Each structure stands twice: as C-alpha cells, then as structure tokens.
Amino acid sequence: VAARPHLGHARFQLGRALVRQDRIKEGAALMGEALASLPAPKPEHYIERARALADASPHNEESAIASLDEGIARMGPVVALVEMAADLEAERGNYNAGISRIETLPAPLKTSPAWLLRKGELHWAAGDWAKARIAFESATRAIDRLPPRRKATAAFQQLRARLMLLLARSNPTE
C-alpha cells in the first residue's frame, strides 16, 4: 500500500484490517482516504466505515452519519445509506432528522408501505402521534392499492397486521 498509494481498494482493505485490530480511528481515516480515491465506490464501503465508527463509541454516531452523508453526496440517496443514516439519527434521538432523511428518497420509495411505517414509527418516537397515525394510515392504504396477489403475500399481511396494531394503539378513543 505504501508503494502504491493510488490503489484505493488496497487502502480500503488496510483500513478494514486496522478496524478489526481495534485501531478504529486510524482504520476509518484510511477507509475515508481510500473512498475519496475510488472511481466508483459502493454503498457498502460507506456503510462499513460508518459501522466501524458507530461501533467504536456511542459518541461517534455523528462521524458515522458524516460518512454516510459523504456516500449520499457522491451517489445520491441510495436506500441503504439513507436507511442507516435514519437509524443512526433515531438512535441519537433525532427523530425529525430521521424523518427528513426518509423524505430524501425518491417518491415511489418514500411512499411505499414499509417506508411509511418507518416514518410513522419515527413520528411516534418523537411524540407526534397525529403524524404517526397519518403515516400508518397512508401505509395501510398503500397496501390496499397493491394488486391482490402482492398484498396476499405473507410479508404484506404481516406488515398490515402490524399497522393495524399501531393504528389501534394510536387511537385515543379505543
């Protein structure tokens, strides 16, 4: 790596090895340098770096989110990057920031039942039960609009059952 510093993949591997040796700061820095030099990094590279940073210390979540933001700036709102960033924001108690991240997704994605459910959960955690209920209702309607074969799948049936439970819990009159 020292002889050929232009080899971004090799530098990333060295960063990965350093992280595994609990040399997180040094490894994450090397991973960052490697990412900057890679012509076409993958979302997984940014996710791995962010996980290393987040796992190193609970106080590193901001650095982990910054790593994901680098990937988002470079590749656009890739679902895996946005999802992890929203999760990290929620872990920090920044529920509205997590919701804002979901809003960066393309319309077909952010209006899917699963993302509407996640948005509702974040509103719920933030204490905004009215917006949570709206998101849960929107997710239920999105499932209802699916073709019969698709909404009959076990995954969508489970999702709908979960939504019904959350809607029942969010209704103060019931």
Side-chain angles (χ1 to χ4, degrees), residues 19 24-25 28-29 31-32 35 41-147 150-174:
V19 166
I24 309 291
K25 190 173 182 178
M31 290 167 122
L35 287 170
K42 296 179 181 174
E44 294 82 14
H45 291 119
Y46 290 98
I47 290 169
E48 184 175 352
R49 181 174 176 230
R51 276 199 186 110
L53 289 165
D55 290 346
S57 165
H59 306 293
N60 278 354
E61 288 169 337
E62 191 171 323
S63 297
I65 290 170
S67 176
L68 297 168
D69 283 339
E70 287 174 26
I72 291 168
R74 191 160 178 193
M75 293 182 273
V78 175
V79 172
L81 298 175
V82 171
E83 181 176 25
M84 185 174 184
D87 289 345
L88 286 171
E89 294 287 12
E91 286 175 23
R92 293 173 54 184
N94 294 338
Y95 305 113
N96 291 327
I99 293 164
S100 294
R101 293 204 177 264
I102 291 170
E103 290 300 321
T104 67
L105 292 169
L109 287 175
K110 70 181 175 187
T111 57
S112 72
W115 281 106
L116 287 167
L117 168 65
R118 183 68 178 125
K119 189 174 169 182
E121 290 171 334
L122 290 170
H123 279 301
W124 186 280
D128 195 338
W129 298 284
K131 286 184 181 176
R133 184 167 183 78
I134 290 168
F136 297 150
E137 288 170 346
S138 296
T140 303
R141 285 192 303 275
I143 292 172
D144 291 344
R145 287 190 301 269
L146 293 172
R150 192 148 176 235
K151 68 181 168 187
T153 64
F156 279 110
Q157 290 296 311
Q158 290 170 355
L159 183 59
R160 194 168 203 299
R162 183 168 178 202
L163 286 162
M164 293 291 96
L165 178 65
L166 290 166
L167 281 167
R169 287 178 51 202
S170 68
N171 190 347
T173 60
E174 291 182 13

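It should be emphasised that the depicted structure is a prediction, and the values quoted were computed from it without experimental measurement.
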### Query
Who passes salt bridge (charged side-chain N to carboxylate O under 4.0 Å, His left out) against Arg160, sequence neighbours left out?
Asp144
### Query
Salt bridge or not for Glu137 and Arg133, using N-O below 4.0 Å?
yes
### More than 12 heavy atoms of other groups within 6.0 Å of Lys151 NZ
yes
#### Entry: Rounded distance [0.5 Å steps], CG in Leu146 versus CZ in Phe156
5.0 Å
### Summary
On a heavy-atom basis, the closest approach of Ala132 and Gly120 is CB-O, 3.3 Å
### Query
Backbone N or O of Glu103 within a donor-acceptor pair of the Lys110 side chain at under 3.5 Å?
yes
### Query
At their closest point, which heavy atom of Leu88 faces which heavy atom of Ala64, and how far apart are they?
CD1-CB, 3.8 Å
### Query
What is the distance from atom CG of Leu68 to atom CZ of Arg51, rounded to the nearest 0.5 Å?
9.5 Å
### Minimal non-hydrogen separation, Tyr46 against Ser67, with atom names
CD2-O, 3.3 Å
### Task
Using modelled atom types only, decide if a donor and an acceptor are shared between the side chain of Arg49 and the backbone of Leu35 within a distance under 3.5 Å.
no
### Query
Between atom CG of Leu163 and atom CZ of Arg141, what is the distance when rounded to the nearest 0.5 Å?
11.5 Å
#### Entry: Note: Glu48-Lys42 ion pair, threshold 4.0 Å (strictly below)
no
### Query
Is the closest side-chain heavy-atom distance between Ile99 and Asn96 below 4.5 Å?
yes
## Note on the structure
Note: Met75 and Pro41 closest approach over all heavy atoms is SD-O, 3.5 Å
### Message
Which label fits Trp124 and Phe136: parallel for a plane angle under 30°, tilted from 30 to 60°, or perpendicular past 60°?
### Response
tilted
### Query
Can you list the residues that meet the side chain to side chain contact (heavy atoms under 4.5 Å, CB included) rule with Glu89, with sequence neighbours excluded?
Ile65, Arg92, Asn94, Ala97, Arg101
### Query
Can you find a heavy atom in the side chain of Ile72 that is under 4.5 Å from one in the side chain of Val78?
no
### Task
Give, for atom NE2 of His45 and atom CD of Glu70, the distance between the pair rounded to the nearest 0.5 Å.
14.0 Å
## Note on the structure
So CG of Leu159 and CE of Met164: to nearest 0.5 Å the spacing works out to 10.0 Å
### Task
For the residue pair Asp87 and Arg118, establish whether any side-chain heavy-atom pair is separated by less than 4.5 Å.
yes
### Query
Atom CG in Leu81, atom CD in Glu44: separation rounded to 0.5 Å?
8.5 Å
## Note on the structure
What one should report as the nearest heavy-atom pair of Gly98 and Ala86 is O-CB, 3.8 Å
### Task
Measure across Pro113 and Ala139 and return the closest heavy-atom pair with its distance rounded to 0.1 Å.
O-CB, 3.6 Å
### Query
Looking only at atom types and distance, does a side-chain atom of Asp128 sit under 3.5 Å from a main-chain N or O of His123, one as donor and one as acceptor?
no
